[in-house]
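No hydrogens, no waters, no symmetry mates; every other heavy atom, side chains included, goes into these values. Remember, it's a predicted structure, so these values are computed and weren't measured experimentally.
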Amino acid sequence: MVENQEIARTFRKIADILGIQGESQRRVRAYRRAAETIDGLEGDITAKWREGKLGDLPGIGDVLAAKIEEMLTTGKLGFYERLVQQVPPGVVEMLDVPDVGPKTAGRVWKELGVTSIDELESAARAGTVQQLQGMGPRTEARILEGIASLRRRTGRTPLGAAWYSAYEILASLEGLQGVQRAAPIGDLRRMQDTVADGGLVVASRDPALVTEHLARLPLVSELLANDGITTAIRSSGGLELGLHIVEPERWGTALQYLTGSQAHNAALGIVAQQQGYRLSKRALVREDGTEVLCADEKLVYRHLGLPFIPPELREGRGEIEAAREGRLPPLIEYADIQGDLQMHTTFSDGHQSVAQMAEAARARGLHYILITDHSYGMAVAGGLREEELQEQRAEIDAVNAGCSGVRVLAGIEVEIRADGTLDYPDEVLAGLDIVVASLHTGLRTGRERTTRRLLSAIRNPHVDVIAHPTGRLLGRREGADLDMEAVLRAAAETGTALEINAHPDRLDLSDVHVARAVELGVKLAINSDAHDVRDLDHLIFGLATARRGWATADDVVNAWSLERLLAWARSRGA
DNA sequence: GCCGTTTTCGGCCCGACTGTTTTCAGTCG
């Protein structure tokens with residue numbers, strides 16, 4: 001699958017460069033579309049090529065098929081190599097700045113000679129950018145804000161990318177000779193929404209052998225060594241992961257210590273001191289210097305007189321006091337999740353049919369799903385008109401009649417419009433089992449307006465769930481400026497659930513907002529927002545975010561039985 | 001650049017928002 005990623009990445013880069021060069025939007029789009037197709041491919045693209053079936057893939061015709069073939073046979077692409085010569089890499093990087101698109105990047109480069117984000121910043125500060133035709137002081141200010149926002153998040157990788165990368169490597173290590181155990185550490189194990197100090201710990205008596213194994217993995221592009229000892233690995237996706245190899249009898253302390261966070265370990269260190277220990281990666285050390293080895297992480301906490309504290313809670317947010325006083329909540333677990341209340345189908349921008357989504361959900365042990373295609377306001381996503389909603393209802397009824405072992409509920413992801421009203425009238429919404437509402441546009445129209453729109457949707461008795469409340473996209477876009485406290489209080493008052501969107505690009509609500517929601521008694525929904533059956537697997541990220549916010553199964557409506565869920569929804573529609 | 005047909009070329013998911021315009025271009029979803 002390395003080839004798939006590589007080809008998709010190359011096509012996206014080509015699209016970027018062609019865009020900057022002012023090529024036709026259609027041509028640019030063709031490359032992006034092909035990249036999406038390749039990313040979404042189930043199997044290895046090499047197999048497709050061998051079967052001579054590249055042309056069957058949507059968005060791939062003769063020209064792109066030939067380019068894929070060139071990459072698979074020669075490992076490179078002449079067209080791409082010529083293209084990258086034509087535009088400085090720093091100009092392409094400017095596209096990462098919010099509000100800077102291909103036109104702007106191309107113009108500041110050609111008209112001002114700006115070839116990097118740093119130079120763009122200088123030019124904007126110097127007031128040079130606003131001298132260009134069609135650009136003014138506000139555009140300049142937006143560019144500066146965009147650069148600042150980009151800087152704030154560099155060095156952090158969204159959880160999903162880091163997690164998949166690390167777990168593929170962990171899976172390859174499992175069962176290898178010399179490897180006794182392996183686990184993630186750092187903010188990766190704590191499942192923070194973005195990862196900065198994630199890594200792996202491996203228990204082994206033969207570090208050299210482990211290093212040798214790692215070096216041979218196709219998922220590992222580079223071993224980073226310090227004094228001859230491997231301390232980090234770079235994944236084929238470019239992610240840097242710290243690496244620690246420890247003796248098996250020191251596994252527990254190492255795992256605990258390296259998982260952190262710093263705040264948690266600092267607080268735990270005080271507890272240790274009170275018991276006459278010092279906390280370290282190698283062992284619990286008594287005052288006389290003797291070591292207490294812990295082969296198991298639970299033992300570390302037990303020695304310190306504490307119950308086990310789940311990694312997601314280890315942020316120094318009062319978890320140690322709570323553990324001491326027996327107040328740790330019974331965190332929601334994966335097995336508690338009964339259903340999924342947001343997913344899309346081919347009726348709008350999803351990849352599969354209602355029946356296929358239902359089957360995929362059944363295979364994952366879910367008992368019910370809510371189909372939530374977009375309403376017509378999301379024209380770009382093929383949003384549904386009212387009559388299409390009726391057609392979909394018929395299909396849902398048919399799937400349920402076929403008794404697939406999972407109950408399919410009829411819903412919608414209805415647009416909250418600029419004035420706070422919804423895309424469908426109340427009588428249409430009343431006919432649905434559960435209504436999910438969300439904002440996709442006007443996310444930067446200001447705190448007052450965004451808050452007002454959300455409050456208006458929350459107060460609509462037909463709306464049961466507010467999806468991805470802030471609209472943030474990790475690593476790409478910060479959430480809308482809004483009065484979250486007011487939103488949470490309104491949701492608590494009306495009994496409207498707020499979504500923890502489990503897509504690893506969103507994780508919205510964030511853990512901090514979840515914690516406040518739990519305090520206020522706001523109901524939550526952990527939803528995959530799947531646009532493809534495989535996206536159902538993202539629920540684990542939403543689950544982790546819920547746990548990081550100290551949520552229990554009772555706080556989460558889709559951890560309830562179908563009967564309880566529907567009774568809740570019905571009680572709200574009044 | 002793809003696709004479906006009209007088998008050679010025209011259409012390709014569209015609308016909101018912003019800031020610069022004085023009628024529209026660029027970005028985003």
Side-chain angles (χ1 to χ4, degrees), chain A residues 10-12 14-38 54-68 77 79-80 83 94-108 124 129-146 149 344 346-351 373-385 388 413 415-419 423 438-446 449-450 453 467-468 470-473 476-480 501 503 505-506 508 529 531:
Chain A
T10 305
F11 280 5
R12 287 209 174 85
I14 290 173
D16 285 345
I17 297 174
L18 291 177
I20 291 168
Q21 291 182 325
E23 258 292 343
S24 121
Q25 283 310 302
R26 312 283 184 206
R27 194 177 169 208
V28 171
R29 239 195 93 65
Y31 279 95
R32 282 198 206 288
R33 201 168 153 236
E36 270 163 40
T37 297
I38 295 165
L54 284 179
D56 292 355
L57 299 173
I60 294 176
D62 293 343
V63 175
L64 294 186
K67 288 190 162 74
I68 292 169
L77 182 59
F79 171 68
Y80 174 64
L83 219 48
M94 283 183 216
L95 301 182
D96 293 337
V97 178
D99 289 324
V100 175
K103 301 289 180 201
T104 307
R107 286 194 60 199
V108 295
V129 173
Q130 59 172 297
Q131 288 166 12
L132 294 181
Q133 184 65 24
M135 307 236 187
R138 307 183 80 142
T139 301
E140 210 168 58
R142 267 169 90 136
I143 288 175
L144 285 172
E145 174 47 39
S149 152
H344 300 261
T346 46
F347 273 88
S348 67
D349 58 351
H351 296 166
D373 276 304
H374 291 284
S375 63
Y376 64 85
M378 269 295 273
V380 60
L384 273 60
R385 304 231 152 241
E388 292 170 303
E413 182 181 11
E415 276 309 284
I416 304 171
R417 297 189 286 209
D419 60 357
D423 261 356
S438 66
L439 303 170
H440 291 93
T441 61
L443 294 176
R444 290 186 298 185
T445 43
R449 227 171 126 187
T450 307
R453 288 166 75 192
H468 46 72
T470 77
R472 73 173 181 172
L473 290 175
R476 280 182 284 159
R477 183 180 70 200
E478 294 180 48
N501 191 290
H503 194 289
D505 286 348
R506 291 193 181 269
D508 179 12
D529 196 2
H531 286 66

Using the test side-chain contact (heavy atoms from CB on, under 4.5 Å), find all partners of A:E23 that sit at least two apart in sequence or belong to another chain.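 For A:E23 the side-chain contact (heavy atoms from CB on, under 4.5 Å) partners, ignoring immediate neighbours, are A:L18, A:R27, A:V28.
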Could you tell me the separation between the [atom1] atom of [X] and the [atom2] atom of [N], rounded to a whole number of Å?
{"X": "A:I68", "N": "B:dG1", "atom1": "CD1", "atom2": "P", "answer": "13 Å"}
{"X": "A:R33", "N": "B:dC3", "atom1": "CZ", "atom2": "P", "answer": "7 Å"}
{"X": "A:D56", "N": "B:dG4", "atom1": "CG", "atom2": "P", "answer": "11 Å"}
{"X": "A:R32", "N": "B:dC28", "atom1": "CZ", "atom2": "C1'", "answer": "12 Å"}
{"X": "A:E478", "N": "B:dC28", "atom1": "CD", "atom2": "P", "answer": "14 Å"}
{"X": "A:D16", "N": "B:dT27", "atom1": "CG", "atom2": "P", "answer": "12 Å"}
{"X": "A:R12", "N": "B:dG1", "atom1": "CZ", "atom2": "P", "answer": "18 Å"}
{"X": "A:I60", "N": "B:dG4", "atom1": "CD1", "atom2": "C1'", "answer": "18 Å"}

Side chain to side chain donor-acceptor pair (under 3.5 Å) involving [X] - partner list, sequence neighbours excluded:
{"X": "A:S149", "value": "A:R153, A:E478"}
{"X": "A:E145", "value": "A:R152"}
{"X": "A:D373", "value": "A:T345, A:S348, A:Q392"}
{"X": "A:D529", "value": "A:H344, A:N501"}

Write down the distance separating the [atom1] atoms in [N] and [M], rounded off to the nearest Å.
{"N": "B:dT20", "M": "B:dA25", "atom1": "P", "result": "16 Å"}
{"N": "B:dT6", "M": "B:dC12", "atom1": "P", "result": "16 Å"}
{"N": "B:dA16", "M": "B:dT21", "atom1": "P", "result": "24 Å"}
{"N": "B:dT8", "M": "B:dC2", "atom1": "C1'", "result": "14 Å"}
{"N": "B:dG15", "M": "B:dC9", "atom1": "C1'", "result": "28 Å"}
{"N": "B:dT5", "M": "B:dC13", "atom1": "P", "result": "15 Å"}

For a quick check, with a 4.0 angstrom heavy-atom cut-off, what is the B/S/- contact string for nucleotides 9-20 of chain B, read 5' to 3'? ---BB---SSSS
Which part of the nucleic acid, if any, lies within contact of [X], taking any heavy atom under 4.0 Å across all strands shown: a base, the sugar-phosphate backbone alone, or nothing?
{"X": "A:L57", "result": "sugar-phosphate"}
{"X": "A:D62", "result": "sugar-phosphate"}
{"X": "A:L443", "result": "nothing"}

Separation of A:I60 CD1 from A:L54 CG (nearest 0.5 Å):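 The distance works out to 6.5 Å.
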Ring pair (Phe, Tyr, Trp, His ring centres under 6.0 Å) involving A:H440 - partner list, sequence neighbours excluded: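 Partners of A:H440 by the ring pair (Phe, Tyr, Trp, His ring centres under 6.0 Å) criterion, ordered by chain and then number, come out as A:H374, A:H468.
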Would you say A:E415's side chain and A:M378's backbone share a donor-acceptor pair under 3.5 angstrom?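 No; zero donor-acceptor contacts below 3.5 Å.
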Under 3.5 Å, which protein N or O atoms sit close to an N or O of nucleotides 22-26 of chain B? Give each pair with its distance.
from, atom 1, to, atom 2, distance (Å)
B:dG26, O3', A:T104, OG1, 3.4

List in chain and number order the residues that pass salt bridge (charged side-chain N to carboxylate O under 4.0 Å, His left out) with A:R32, two or more places apart in sequence or in another chain; answer none if no residue qualifies.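 Salt bridge (charged side-chain N to carboxylate O under 4.0 Å, His left out) list for A:R32, sorted by chain: A:D16.
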In the structure shown, which nucleotide is the Watson-Crick or G-U wobble counterpart of B:dT8, with both distances under 3.5 Å?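 Paired with no nucleotide.
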Find out whether A:I143 and A:D99 are in side-chain contact, i.e. whether some heavy atom of one side chain is under 4.5 Å from a heavy atom of the other.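 Not touching, per the 4.5 Å side-chain cut-off.
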